[in-house]
Number of protein chains: 2
Amino acid sequence: MGIYQTIRDRICLLHYPPGKKLAEQELAEEFAVSRTPVRQALQRLEYDGLTEIRNGVGTTVTAVDRHAFEDIFAFRMRISELIGDFPASAEIPSVLASLGHLIDTAEQVRKDTDMVGFWRLNHELQEATGRLIGNRSLRDTHARYYFLACRIWYSVIDRIFDEQSADFVVEAQEIVKALKAGDVRAVGFIQRNHIALGMHRIAPYFHPE
Amino acid sequence: MGIYQTIRDRICLLHYPPGKKLAEQELAEEFAVSRTPVRQALQRLEYDGLTEIRNGVGTTVTAVDRHAFEDIFAFRMRISELIGDFPASAEIPSVLASLGHLIDTAEQVRKDTDMVGFWRLNHELQEATGRLIGNRSLRDTHARYYFLACRIWYSVIDRIFDEQSADFVVEAQEIVKALKAGDVRAVGFIQRNHIALGMHRIAPYFHPE
DNA sequence: CCATATCAAGCTGCATACACCATCGATAGA
DNA sequence: TCTATCGATGGTGTATGCAGCTTGATATGG
């Protein structure tokens, strides 16, 4: 996995929490490369909105205030609603295969209260539903804002794990049913509804900094 | 204006047409800097989808095939429809001021068949309507895909200038009327409809490569 | 004449050195 | 004692040299 993806996942997993300073030199030594490729990754992360680079100061992980939280989740809901307008129906079989594996794994993850495992399952679901989107612009945007959102719910996952992971299984099962009926539009609405559920579940725990 | 914006505008203005090779060394000499900041700009443009970097070959401006054309315009239509869901009503007065100046300038641009001037007016309208969007995620996406779309209609602007610029004035006037009524939602639908008009006007001239 | 191997040129990717900037603490003066 | 200034420190921004890759021209053998 590349430097960009590694750092991005660490931010989403809160291994690098908001406000954390990321020193180029330190990361360069860890990845056994020079500062150049590390800088490239950090600049891309800044473009994603996950980090902020200030000359002479350093690179810091961006804070997520109440405004950003609401903006991102509301936008993701609208984006998901659009999935049905651009269905990539040819991908349905492969997505169904992914979802099958995903639901099987989810039971074990729930028993173990394996939060990192749950985070990975969400990545897989995101990747799978992305394959159903037949419009590249929408698909890219869908993925882009997933990575902005996932660290938000992960910041309170220890307090909502049971409900959130139960809903996750329900969401995956509903998507399977919809896809077996060939109804990609339903997938978008299912996802939209579960984003809304998650948003309302997170909001009480989410205090602006 | 920065290196990134300069190169981006040259791509959108077809000064750098699809397929054009952008040599880092050459650009570095033009901007009187080293390759490093040029590389930074080119990498960001690649992330935008405007260029493609291949090791050992060089950086080329991406081609726009029929698929990309349809994806981008369809997506932009959907994005514009969402504007009304996140109105930044406080910006209405300043946007009205921008639109006034814009409509005044447009008449002269139409008389002169000033295509670059028309291109600039579109930038201004894009920037002004962006200020009406109260959701940062939507605003960023709205801007991002504008720059992917504008070089497409600009590639055939010489053949559609009269109709396109006439519609532009109508669009701006309709937006003024909507904003005077405080109806930001209407702005999104006006823009959506004019994107659709433009798309159908372009399609006949647009041949896949 | 054609196919293939080889080499040279030009490009990007990376490593490194240095310049510039922001910050904090020490120190001297009021 | 408080304040202002200066310097040390650690960070990012840039320039530059070199390594590795791609591609096209060229030479060579069939």
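The basis for the numbers below is simple: all heavy atoms, side chains too, and nothing from hydrogens, waters or symmetry mates. Quick caveat: nothing in here was measured; it's all calculated off a predicted structure. Every chain is numbered from 1, with letters handed out A, B, ... down the list of sequences.
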Which listed nucleotide ([options]) is nearest to the side chain of [X]?
| X | options | answer |
| --- | --- | --- |
| B:Val33 | D:dT14, D:dA15, D:dG11 | D:dA15 |
| A:Glu24 | C:dT16, D:dT12, D:dA15 | D:dT12 |
| B:Thr36 | C:dT16, D:dT16, D:dG13 | D:dT16 |
| A:Ile53 | C:dG13, C:dC14, D:dG13 | D:dG13 |
| B:Asn55 | C:dA15, D:dA15, C:dT12 | C:dT12 |
| A:Val57 | C:dA15, D:dG13, C:dA22 | C:dA22 |

Reference residue B:Tyr16; test side-chain contact (heavy atoms from CB on, under 4.5 Å); the match among B:Asp9, B:Thr60, B:Ile11: B:Ile11

Once you round it to whole Å, what is the distance between [atom2] of [N] and [atom1] of [X]?
| X | N | atom1 | atom2 | value |
| --- | --- | --- | --- | --- |
| A:Phe31 | C:dG13 | CZ | C1' | 18 Å |
| B:Glu52 | C:dG13 | CD | P | 12 Å |
| B:Arg39 | C:dC14 | CZ | P | 7 Å |
| B:Leu27 | C:dC11 | CG | P | 11 Å |
| A:Gln43 | C:dG13 | CD | P | 14 Å |
| A:Glu46 | D:dG13 | CD | C1' | 13 Å |
| B:Glu26 | C:dT12 | CD | C1' | 15 Å |
| A:Gln25 | D:dG13 | CD | P | 14 Å |

Using the ring centroid of each side chain, check whether B:His123 and B:Tyr146 are separated by less than 6.0 Å. yes

List for me each residue that meets ring-ring contact (aromatic ring centres under 6.0 Å, His included) alongside A:Phe189, sequence neighbours excluded, and say none if there are none. none

According to a strict under-4.0 Å criterion, is B:Arg54 in side-chain N/O contact with OP1 or OP2 of C:dC11? no

On the nucleotide D:dG11, are OP1 or OP2 found under 4.0 Å from the side-chain N or O atoms that A:Thr59 carries? no

Sort out for me which residue in A:Phe118, A:Phe69, A:Phe161, A:Phe73 forms a ring-ring contact (aromatic ring centres under 6.0 Å, His included) with A:Trp153. A:Phe118

Pick the nucleotide of DNA chain D nearest each of B:Gln40 and B:Arg35; which residue has the one closer to the 5' end? B:Gln40

Where do B:His142 and B:Phe75 land on the ring pair (Phe, Tyr, Trp, His ring centres under 6.0 Å) test, with the steps shown first? CA-CA 10 Å; B:His142 185 251; B:Phe75 183 65; over 10 Å; no

Give B:Leu22 one of three labels, base, sugar-phosphate or nothing, depending on what nucleic acid heavy atoms sit under 4.0 Å from its own. sugar-phosphate

